[in-house]
Amino acid sequence: MAAARKRKHNLVIVESPAKVKTIKKFLGSNYEVAASYGHVRDLPKSRMGIDVDNDYQPKYITIRGKGELLADLRKKVKKADRIYLATDPDREGEAISWHLVAALKLDEMKDKEVYRITFNEITKKAVTESLKNARGIDMNLVDAQQTRRILDRVVGYRISPLLWEKVKRGLSAGRVQSVALRLIADREEEINAFIPKEYWTLDAFLAADGSKKPFVVHYYGRIGEEQKAVKEELEREDQVTAITDAVKDAAFKVTEVKRSERTRKSPLPFTTSTLQQEASRALNFSTSKTMRIAQQLYEGVEVKGSGTVALITYLRTDSTRISDEAQAAAAGYISAHYGEEYLLRQEKNGKNEAKIQDAHEAIRPTDLELLPAVIKDSLSRDQYRLYNLIWKRFVASRMSAAKFENTQVRICADETYLFTASTSRLLFDGYQCVYNQEESEEKNEKLSVNLDTDSVLTLDHFDPKQHFTQPAPHFTEASLVKALEEQGIGRPSTYAPTITTILARHYIVKEDKNLYMTEMGEVVNSMMKRAFPSIVDPAFTAHMEGLLDGVADGSVKWKTVIENFYPDLDEAVKQAEIDLEKVKIADEETEEVCENCGRHMVIKYGPHGKFLACPGFPECHNTKPYYEKIGVACPKCGKDIVVRKTKKGRKYYGCMGNPECDFMSWQKPSAKRCPRCGGIMLEKGNRLVCADQDCGYVEDNKSEE
């Protein structure tokens with residue numbers, strides 16, 4: 001009898017240890033799963049690491065602290081017959097696999113079979129299918145990642161020291177971050193240069209057929225030749241007065257009631273960019289928080305009764321494509337739970353797939369039967385909220401359009417002056433039964449009466465209003481991501497790190513979602529625009545992204561990109577060293593007095609944010625925590641209420657006198673006192689609520705104009 005064939009031992013190497021447990025349960029006992037904990041090799045931190053005199057050859061070293069990990073991986077490799085490199089399915093993941101081959105010397109092991117596998121979701125089917133379709137490392141993708149890394153490195157390591165010399169140490173410049181800073185600076189300049197213009201609107205309140213409740217119509221313009229409506233812009237009060245004087249005693253007559261049906265298409269499933277934008281709008285998440293939680297959902301969480309389960313597909317994607325299998329699963333779910341009429345009948349047209357860097361799908365749930373409500377107890381609050389958003393968006397994207405009946409009414413006064421009113425009525429909710437974005441949609445007013453051309457109208461009163469045009473809004477993280485994506489700057493993996501970096505460098509600050517330039521940011525942006533105009537040019541940066549895509553598809557050689565870029569950068573840096581003057585930025589002084597020497601303390605920035613320091617350093621070393629005051633006195637002791645954070649980073653409001661005073665609140669206290677009991681009021685959304693639950697007083701929170 002022939003001896004039984006020995007089973008081959010397989011080693012699967014992933015990036016994150018969180019994936020190990022999820023993947024291990026899909027594979028047999030002859031598979032071992034280990035993690036590289038991300039990159040194992042990188043360019044050195046102490047020097048540029050690019051040999052510009054030797055064909056721009058990068059010099060990689062083992063990342064500090066990874067020696068023991070690599071030693072452990074080598075032991076596992078020694079026991080394995082096959083090694084599967086299962087790092088993330090993007091350029092960065094491809095590069096990590098390539099570095100693993102070099103660090104573990106896998107290319108020298110002739111007795112080992114080494115493969116690259118990728119999967120867009122961590123499910124049994126996806127993982128086992130990837131093993132069947134194992135391949136070699138795609139060097140085009142590796143070279144694209146290397147090119148980006150080298151470009152970013154030479155920009156950072158050539159320009160950052162210049163900023164240290166001309167401004168202060170600790171600053172940095174980056175190929176993408178500098179463009180993002182430029183966009184914010186340009187928006188602020190636009191806002192500051194904006195000159196508001198006066199304009200007016202005129203509404204008329206009319207009663208129909210003897211009804212006591214008037215409805216509102218809006219002045220549009222005048223009836224011109226051939227009974228065509230000509231819109232009239234009201235720029236001055238005297239124009240409004242002339243119209244009201246002309247029609248105050250005139251007859252108002254319904255000249256047209258037009259009804260039409262319109263549809264509102266279901267939204268596309270999430271990409272990285274749209275997920276970040278919608279999570280900001282709906283959940284108030286920062287881009288970095290969205291990506292952190294999405295990573296947890298992708299890698300897997302412990303679901304009661306099911307073990308570790310990966311809940312969503314890969315989170316770094318700019319594709320809206322959906323696999324045939326996911327399409328079929330969604331169609332079956334929607335038909336079963338909502339009915340055939342709710343099923344999207346033709347495939348949605350998403351983005352131009354030719355511009356997509358990788359063959360990813362959109363972000364979607366791995367299993368529609370894992371309803372957010374069913375697994376809610378297995379998720380943290382934030383995990384549940386983000387998963388719920390992704391689940392609903394995907395299901396809605398596979399559903400039919402919502403249908404509305406629009407009614408437009410034209411009303412003439414004195415047969416010359418045209419007023420209009422419009423309303424819409426929902427006929428079929430379609431996708432909106434799952435996912436409704438009404439909050440961000442323009443809402444039509446509802447007509448309180450049914451009108452026709454025989455309706456008798458009487459004027460109740462006019463409501464003229466003065467307005468002024470408004471500048472473009474300040475960027476938020478979400479709108480900045482949208483602008484970066486629209487202009488082709490960066491890629492899904494770069495949006496959150498870019499914003500995190502310019503916040504950490506204190507080039508910008510975030511207040512109530514809005515991003516504002518700091519003095520430091522203005523100085524750095526001004527220097528970059530003057531000395532390195534191409535680096536901060538959005539069009540140039542978008543062109544570079546196109547070249548990186550060319551490297552990824554094999555149509556552009558990576559060294560050609562570097563050869564065409566570095567000499568110009570080198571010349572610009574040398575010229576900037578001569579042309580740029582030193583700039584002194586004074587620290588922001590506060591009213592806080594140093595108890596050691598009596599000087600007014602200044603705001604400094606450290607790794608964990610702002611802190612107070614004595615300007616007398618090095619003679620005086622006094623420092624204090626910095627707390628942002630909100631202008632409200634503590635109801636217990638009268639000291640200032642300040643913004644504080646828990647050890648886990650959650651924001652709350654506490655007394656400056658802590659620990660002597662223990663006042664705290666999760667909601668922001670208002671300076672306004674409760675008119676019923678005199679107690680403190682708290683801001684909850686658009687309402688002010690008395691902190692004393694026994695009182696229960698509530699009022700709308702209307703900010704004064």
Side-chain angles (χ1 to χ4, degrees), residues 13 15 36-64 66 70 85-107 114 116 118 135-160 172-177 316 318 356-360 488-494 497-498 501 535 540-570:
I13 302 178
E15 283 185 47
S36 71
Y37 289 77
H39 276 280
V40 294
R41 296 198 314 167
D42 198 4
L43 299 171
K45 288 187 176 181
S46 58
R47 59 188 187 279
M48 187 162 68
I50 310 298
D51 192 344
V52 297
D53 298 320
N54 184 25
D55 208 17
Y56 301 98
Q57 197 63 33
K59 295 185 177 296
Y60 295 108
I61 62 170
T62 300
I63 294 173
R64 180 175 292 181
K66 291 290 180 107
L70 286 171
L85 303 171
T87 49
D88 283 350
D90 56 15
R91 297 175 192 174
E92 198 76 21
E94 203 75 23
I96 291 174
S97 285
W98 179 69
H99 284 300
L100 281 167
V101 169
L104 300 174
K105 299 182 179 179
L106 298 179
D107 52 342
V114 181
R116 170 80 168 115
T118 60
R135 57 171 173 81
I137 287 177
D138 187 333
M139 283 307 300
N140 288 334
L141 296 181
V142 173
D143 288 344
Q145 189 276 340
Q146 275 202 107
T147 311
R148 178 185 292 279
R149 188 78 180 94
I150 292 170
L151 287 171
D152 292 345
R153 174 55 68 105
V154 296
V155 169
Y157 272 67
R158 291 306 310 275
I159 300 179
S160 296
S172 71
R175 193 177 56 85
V176 177
Q177 77 177 52
R316 294 178 181 87
D318 47 9
I356 306 304
Q357 63 158 294
D358 295 305
H360 293 161
I489 300 166
R491 285 295 181 261
S493 61
T494 65
T498 296
T501 298
I535 297 291
F540 176 79
T541 306
H543 172 66
M544 294 300 292
E545 292 293 350
L547 291 177
L548 292 175
D549 292 344
V551 174
D553 64 29
S555 62
V556 177
K557 298 297 183 184
W558 76 269
K559 286 189 178 179
T560 303
V561 178
I562 308 299
E563 288 167 354
N564 291 335
F565 177 81
Y566 185 79
D568 292 339
L569 172 67
D570 182 55

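All of these numbers come straight from a predicted model, not from anything done at the bench.
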Mind checking whether H99 and Y60 have parallel, tilted or perpendicular rings, split at 30° and 60°?
perpendicular

Can you tell me how far CD1 of I535 sits from CD of Q177, rounded to the nearest 0.5 angstrom?
11.5 Å

Can you tell me how far the OG atom of S46 sits from the CD1 atom of I61, to the nearest 0.5 Å?
6.5 Å

With heavy-atom distances below 4.5 Å as the criterion, would you say the side chains of L569 and I159 are in contact?
yes

When rounded to the nearest 0.5 angstrom, what is the spacing between CZ in R148 and CZ in R153?
15.0 Å

Salt bridge flag under 4.0 Å for residues E545 and R91:
no

Taking the side chain as everything from C-beta on, heavy atoms only, tell me whether V154 gets closer than 4.5 Å to F565.
yes

Considering residues, nucleotides and ligands other than R135, do more than 12 of their heavy atoms fall under 6.0 Å from its CZ?
yes

Only one of D143, L548, L547 passes side-chain contact (heavy atoms from CB on, under 4.5 Å) with W558, and that residue is D143

Criterion side-chain contact (heavy atoms from CB on, under 4.5 Å) against Y566, the qualifying member of V561, I150, V52:
V52

When you measure from the side chain of D553 to the backbone N and O of S555, does any donor-acceptor pair fall under 3.5 Å?
yes

For the side chain of T62 and the backbone of R41, is there at least one donor-acceptor N/O pair under 3.5 Å apart?
no

Given T87, which of E92, E15, R116 fulfils the side-chain hydrogen bond (donor to acceptor under 3.5 Å, both in side chains) condition?
R116

Taking D51 for the side chain and N54 for the main chain, is one N or O donor matched with an acceptor at less than 3.5 Å?
yes

State, to 0.1 Å, how close S172 and S160 come at their nearest heavy-atom pair, and which atoms those are.
CA-OG, 3.4 Å

Are any side-chain N or O atoms of K66 and backbone N or O atoms of Y37, one a donor and one an acceptor, separated by less than 3.5 Å?
yes

May I ask you to test the I13-L104 pair for a side-chain heavy-atom distance under 4.5 Å?
yes

Should D107 and V114 be marked as a side chain to side chain contact (heavy atoms under 4.5 Å, CB included) after you check the CA-CA gap, both sets of side-chain angles, and the distance that decides it?
CA-CA 8 Å; D107 52 342; V114 181; over 6 Å; no

Gap separating the CE atom of M544 from the CG atom of L151, nearest 0.5 angstrom
4.5 Å

Side chain T494, main chain R491, donor-acceptor under 3.5 Å
yes

Using 0.5 Å steps for rounding, measure from the CG atom of L141 to the CD atom of Q146.
12.0 Å

Please report the C-alpha distance between W98 and M139 in whole Å, then the side-chain angles of each, then the deciding distance to 0.1 Å, and finally whether the side chain to side chain contact (heavy atoms under 4.5 Å, CB included) criterion is met.
CA-CA 8 Å; W98 179 69; M139 283 307 300; 3.6 Å; yes

Any side-chain heavy atom of I96 within less than 4.5 Å of one from V40?
no

Minimum heavy-atom distance S97-L85, with the two atoms named:
OG-CB, 3.4 Å

Just so I know, are the side chains of T560 and N564 near enough to count as touching, which here means a heavy-atom distance under 4.5 Å?
yes

Nearest heavy-atom neighbours spanning Y157 and K45
OH-O, 2.5 Å

How long is the gap from CZ on R149 to OG1 on T147, to the nearest 0.5 Å?
12.5 Å

State, to 0.1 Å, how close A552 and N140 come at their nearest heavy-atom pair, and which atoms those are.
O-CB, 3.2 Å

Pairwise side-chain contact, L43 with M48, heavy-atom cut-off 4.5 Å (strictly under)
no

